[in-house]
Protein chains: 2
Amino acid sequence: MLKISELSARTGLSAHTLRFYEKNGLITASNHSEAGYRFYTDADVRRAEFVKTARNSGFSLEDIGQLLSVRVDKLSHSCQQVTDITQHKLDEVNGKIAELQSLQQTLTILLESCCGGPENATHCSIMEALEEGEFRNNAGRETS
Amino acid sequence: MLKISELSARTGLSAHTLRFYEKNGLITASNHSEAGYRFYTDADVRRAEFVKTARNSGFSLEDIGQLLSVRVDKLSHSCQQVTDITQHKLDEVNGKIAELQSLQQTLTILLESCCGGPENATHCSIMEALEEGEFRNNAGRETS
DNA sequence: GTTGACCTTAGACTCAACTCTAAGGTTTAT
DNA sequence: ATAAACCTTAGAGTTGAGTCTAAGGTCAAC
């Protein structure tokens, strides 16, 4: 049975974050002292560690909530449900990477066009390019 | 002289956004009607378009503020100042891409390990991997 | 028997870039 | 002269994932 600060030390999640996760239904303390102190069982610790791993794998707290409901009742959930969540997250990540790569290209082109020297910016080609607005890549903007 | 809705139509930025940008010092209407309606000159329009292009190039509103101060007084600013802003943004983008690629790899490995079928999740290898927590990539978390 | 470290709660604040609302004033077309 | 379409402001709400504060209760050690 661990107190919240001990679980915090074990998981690297702050006590604040642990309470926040509790408020969001992700973790609970199975036991409480008379005064209301949280006491975490081994199972609680494993659940908290699962949450942390999932978070580090890029899942949102909402995703993690779904993964946890699979976790507590594996018999009623299929592998497909799990891969759906994972695939959806991967699609999201791939989309963001594509956006950022387009941005990366834009910025690289801008940087390559400019001397970067100490001369004044009267003829700076980055400024000119932004002034023209011709190379629009619309990165980061939802187009749908 | 354009009214705000007309500038909105020209730039694709909503009137709300244009007012918001004004509040943040990015754009202004050079003229106003007696009743206080904003009227934008050609120079205002060019400035708004500059802002839009910069935003589409991934610059934050704060970055754009800096770019605009170069823009209004190019003689007192150097190309280097402009490339510094741009390089800084590129570094940021590269960092995010690296994070996301690490995430992408994690998710891909997870997906490859699981059958994704209709069988129940009792032996789902994604769930097992999250349970183990061994493959930690800590994507998206500041480590510094 | 008190100091200091810990715990509790509810709720406000942070970041960025909007987005929207309320409540009202103006302009234009009929 | 009145309705529709536009404009104004101040300020609140959104998103996600925390982070922090205030005000107080509890526990262990000395």
Side-chain angles (χ1 to χ4, degrees), chain A residues 1-29 31-40 48 51-68 88-89 92-93 96 99-100 103 138-142, chain B residues 1-29 31-40 48 51-66 68 89 92-93 96 99-100 103 138-142:
Chain A
M1 299 283 252
L2 294 91
K3 282 192 286 188
I4 197 164
S5 61
E6 293 163 334
L7 181 59
S8 170
R10 277 258 200 296
T11 58
L13 302 168
S14 78
H16 277 302
T17 298
L18 290 169
R19 290 192 201 97
F20 169 75
Y21 285 176
E22 181 176 313
K23 204 161 55 182
N24 284 269
L26 298 186
I27 61 180
T28 337
N31 293 305
H32 290 85
S33 78
E34 285 186 12
Y37 281 31
R38 291 168 180 81
F39 284 119
Y40 297 94
V51 169
K52 197 201 175 186
T53 304
R55 187 197 66 169
N56 285 345
S57 306
F59 292 104
S60 68
L61 300 192
E62 202 192 324
D63 294 334
I64 295 174
Q66 290 178 47
L67 291 171
L68 285 169
H88 185 262
K89 177 57 55 183
E92 212 177 289
V93 168
K96 278 191 206 153
E99 267 177 19
L100 286 170
L103 220 51
N138 271 50
R141 306 278 131 208
E142 274 93 73
Chain B
M1 299 282 253
L2 292 86
K3 281 192 286 189
I4 197 165
S5 62
E6 292 163 336
L7 180 59
S8 171
R10 276 255 202 298
T11 57
L13 303 167
S14 78
H16 277 302
T17 298
L18 289 169
R19 290 192 201 97
F20 169 75
Y21 284 176
E22 181 176 313
K23 203 162 57 185
N24 284 268
L26 300 185
I27 60 180
T28 339
N31 294 305
H32 291 85
S33 78
E34 285 186 11
Y37 281 31
R38 291 167 179 82
F39 284 119
Y40 297 94
V51 169
K52 198 202 173 184
T53 304
R55 187 197 66 169
N56 285 345
S57 306
F59 292 105
S60 68
L61 300 192
E62 202 191 323
D63 295 333
I64 295 174
Q66 291 178 46
L68 284 169
K89 177 58 53 180
E92 211 178 291
V93 168
K96 278 191 205 152
E99 267 178 17
L100 287 170
L103 218 53
N138 270 49
R141 306 277 132 211
E142 273 93 75

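Everything quoted here is computed from the prediction, not taken from an experiment. Labels below follow one simple rule: chain letters A, B, ... track the order of the sequence lines, proteins then strands, and each chain is numbered from 1.
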Worksheet entry | Beyond-backbone contact of A:Tyr21 with A:Leu61, side-chain heavy atoms, under 4.5 angstrom | yes
Practice prompt. Report yes if the side chains of B:Thr28 and B:Tyr40 come closer than 4.5 Å at any heavy-atom pair, otherwise no.
Written response: no
How many whole angstroms separate atom [atom1] of [X] from atom [atom2] of [N]?
X	N	atom1	atom2	value
A:Phe59	D:dG18	CZ	P	15 Å
A:Glu92	D:dG16	CD	P	10 Å
B:Phe39	C:dT26	CZ	C1'	10 Å
A:Ile27	D:dG18	CD1	C1'	13 Å
B:Leu61	C:dC15	CG	C1'	12 Å

Discussion item. Does C:dC18 have its OP1 or OP2 closer than 4.0 Å to a side-chain nitrogen or oxygen of B:Tyr21?
Written reply: yes
Worksheet item: B:Ser33 side chain N/O closer than 4.0 Å to the phosphate oxygens (OP1, OP2) of C:dT26?
Response: no
Worksheet item: Have A:Asn56 and A:Thr53 got a donor and an acceptor in their side chains that come within less than 3.5 Å?
Response: no
Fill in: A:Lys89 vs A:Glu92, salt bridge (charged side-chain N to carboxylate O under 4.0 Å, His left out): CA-CA, chis, key distance, verdict
CA-CA 5 Å; A:Lys89 177 57 55 183; A:Glu92 212 177 289; 3.1 Å; yes
Worksheet entry | Pairwise 5' ranking along DNA chain D for A:Leu13 and A:Glu34, keeping only the more 5' one | A:Leu13
Item to complete: Would you give a per-nucleotide map of nucleotides 1-14 of chain D, 5' to 3', where B means the base has a protein non-hydrogen atom under 4.0 Å away, S means only the sugar-phosphate does, and - means neither?
Response: -----BSBB-----
Worksheet, complete the sentence: Here the salt bridge (charged side-chain N to carboxylate O under 4.0 Å, His left out) pairs for residues 12-22 of chain B, sequence neighbours left out, are B:Glu22-B:Arg38
Discussion item. Which heavy atom of B:Ile64 sits nearest to which heavy atom of B:Ala54, and what is that distance?
Written reply: CG1-CB, 3.7 Å
